[in-house]
Amino acid sequence: MSAEQIQHQLRNLVLLYKSLNQLAQKKTEIIKKGDADALNTLMLDEQKHLKGLQACEKQLLDEAKGFLQLKEFPGEHPSLNDCISHSSSHEKEILLNLKNELQEQVDKLKQQNGLNQQLLEQSLQFVNMSLDLLMPSIDSFNYDHPGGAQDLAEEKRSIFDSKA
């Protein structure tokens, strides 16, 4: 058995990560616009991509186990590096290129998600600041008089004297 199935799964992973990168860039624009409905829709699409990634990664692990069993690999949890080290020189080159491309896509996604997280935090800070300006705490605009307890009794007296 050659490493063709592993190569196929790696290509699928690269495509999925490229698609996730495109979604992350769209998310940046949506966050900048402040469109919550579009953000929710995009996040649902991201969830579908993540399920696809999980399935593809599981398939890749199964393919790697099958490939390395033929090579009499003793470990239970094979890695991509294990597959690369047990493959032929031509397959090694292809697998290394796919690994590098996959790593590049993952790094781009991490960077874009970091930017999106910063934008969301800034948006949240802006919302909190706006709420603080609109609804200041009561203590911030009331003044205390030195005889505060005496003043409370006077405040309860109304202009209309009902005892008269």
Side-chain angles (χ1 to χ4, degrees), residues 1-140:
M1 175 180 183
S2 68
E4 288 179 26
Q5 292 299 324
I6 295 171
Q7 293 170 16
H8 176 71
Q9 292 304 321
L10 284 173
R11 285 187 186 99
N12 286 343
L13 278 174
V14 169
L15 290 175
L16 282 168
Y17 273 103
K18 282 182 180 181
S19 181
L20 270 175
N21 280 326
Q22 291 172 352
L23 288 177
Q25 289 173 354
K26 286 180 187 176
K27 187 189 286 186
T28 302
E29 296 305 316
I30 289 171
I31 292 170
K32 288 178 183 178
K33 290 178 185 175
D35 189 355
D37 292 333
L39 185 62
N40 283 334
T41 303
L42 187 110
M43 289 176 66
L44 291 173
D45 200 17
E46 274 185 338
Q47 291 297 322
K48 292 175 187 176
H49 277 74
L50 292 176
K51 286 181 182 180
L53 275 174
Q54 289 173 342
C56 192
E57 287 174 352
K58 184 184 179 308
Q59 185 67 30
L60 178 62
L61 184 63
D62 292 342
E63 296 294 338
K65 284 179 182 178
F67 174 74
L68 290 174
Q69 279 181 346
L70 294 175
K71 306 289 182 178
E72 298 178 9
F73 179 75
E76 289 183 30
H77 303 288
S79 68
L80 185 55
N81 288 332
D82 295 330
C83 293
I84 292 171
S85 66
H86 286 85
S87 58
S88 68
S89 61
H90 176 67
E91 289 174 335
K92 277 183 188 182
E93 183 179 332
I94 294 170
L95 289 175
L96 281 172
N97 289 337
L98 287 170
K99 177 187 172 189
N100 291 336
E101 189 176 356
L102 180 61
Q103 186 63 48
E104 181 182 318
Q105 292 301 318
V106 169
D107 291 342
K108 282 182 184 179
L109 184 61
K110 284 181 184 179
Q111 182 180 7
Q112 193 67 40
N113 281 340
L115 174 64
N116 288 343
Q117 182 178 356
Q118 289 175 353
L119 288 172
L120 286 171
E121 287 172 359
Q122 289 174 359
S123 296
L124 186 59
Q125 288 172 352
F126 178 75
V127 167
N128 285 334
M129 183 186 72
S130 298
L131 285 174
D132 288 344
L133 290 174
L134 292 174
M135 299 184 329
S137 65
I138 294 173
D139 295 338
S140 67

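Predicted model, so just to flag it, every value in this text is computed and none were measured.
Distance alone, capped at 3.5 Å, is enough to place a donor-acceptor pair between the Asp82 side chain and the Ser79 backbone. With Gln5 contributing its side chain and Glu63 its backbone, the two residues share no donor-acceptor pair below 3.5 Å.
Shortest non-hydrogen contact noted between Ala24 and Asn116 is O-ND2, 3.1 Å. Scanning both residues, Gln9 and Cys56, for their nearest heavy atoms gives OE1-SG, 3.3 Å. For Leu95 against Ser87, the heavy-atom pair with the smallest separation is CD1-OG, 3.9 Å. The two residues Tyr17 and Gln105 come nearest to each other via the heavy atoms CB-CB, 3.7 Å.
Within a 6.0 Å radius of CD in Gln111, no more than 12 heavy atoms belonging to other residues, nucleotides or ligands are found. Open room surrounds NZ on Lys26; 12 or fewer heavy atoms of other groups in view lie less than 6.0 Å from it.
Taking the side-chain hydrogen bond (donor to acceptor under 3.5 Å, both in side chains) definition, one finds that Glu46 meets it with Lys27, sequence neighbours left out.
Within the 4.5 Å cutoff, side-chain heavy atoms of Leu50 are placed close to those of Gln47. You'll find the side chain of Arg11 stays beyond 4.5 Å of the side chain of Leu15, heavy atoms only. The closest side-chain heavy-atom distance from His8 to Gln59 is not below 4.5 Å. Between Asn81 and Lys99 there is a side-chain heavy-atom pair separated by less than 4.5 Å. Counting heavy atoms from C-beta on, the side chains of Leu119 and Gln122 come closer than 4.5 Å. You'll find the side chain of Leu44 stays beyond 4.5 Å of the side chain of Lys48, heavy atoms only.
The line from CD of Gln118 to CD1 of Ile31 is 11.0 Å long, rounded to the nearest 0.5 Å. Taken from CG in Leu16 to CG in Asn21, the straight-line distance is 11.0 Å, to the nearest 0.5 Å. In this structure, CG in Leu23 is found 14.5 Å from NZ in Lys18, a value given to the nearest 0.5 Å. The structure places CG of Asn97 at 12.5 Å from CG of Leu102, a figure rounded to the nearest 0.5 Å. Here Leu39 contributes atom CG and Ile30 contributes atom CD1; the two are 6.5 Å apart, rounded to the nearest 0.5 Å. For the atom pair Ser19 OG and Asp45 CG, the distance stands at 7.0 Å (nearest 0.5 Å).
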Test salt bridge (charged side-chain N to carboxylate O under 4.0 Å, His left out) applied to Glu29 and Lys33, step by step: CA-CA 6 Å; Glu29 296 305 316; Lys33 290 178 185 175; over 6 Å; no
Check against side-chain contact (heavy atoms from CB on, under 4.5 Å), Asn113 and Gln117: CA-CA 6 Å; Asn113 281 340; Gln117 182 178 356; over 6 Å; no
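Under the side chain to side chain contact (heavy atoms under 4.5 Å, CB included) test applied with Leu98, the options Ile6, Leu10, Leu80 reduce to a single match, Leu10.
In the model, Asn100 has no side-chain atom that pairs as donor or acceptor with a side-chain atom of Glu104 under 3.5 Å.
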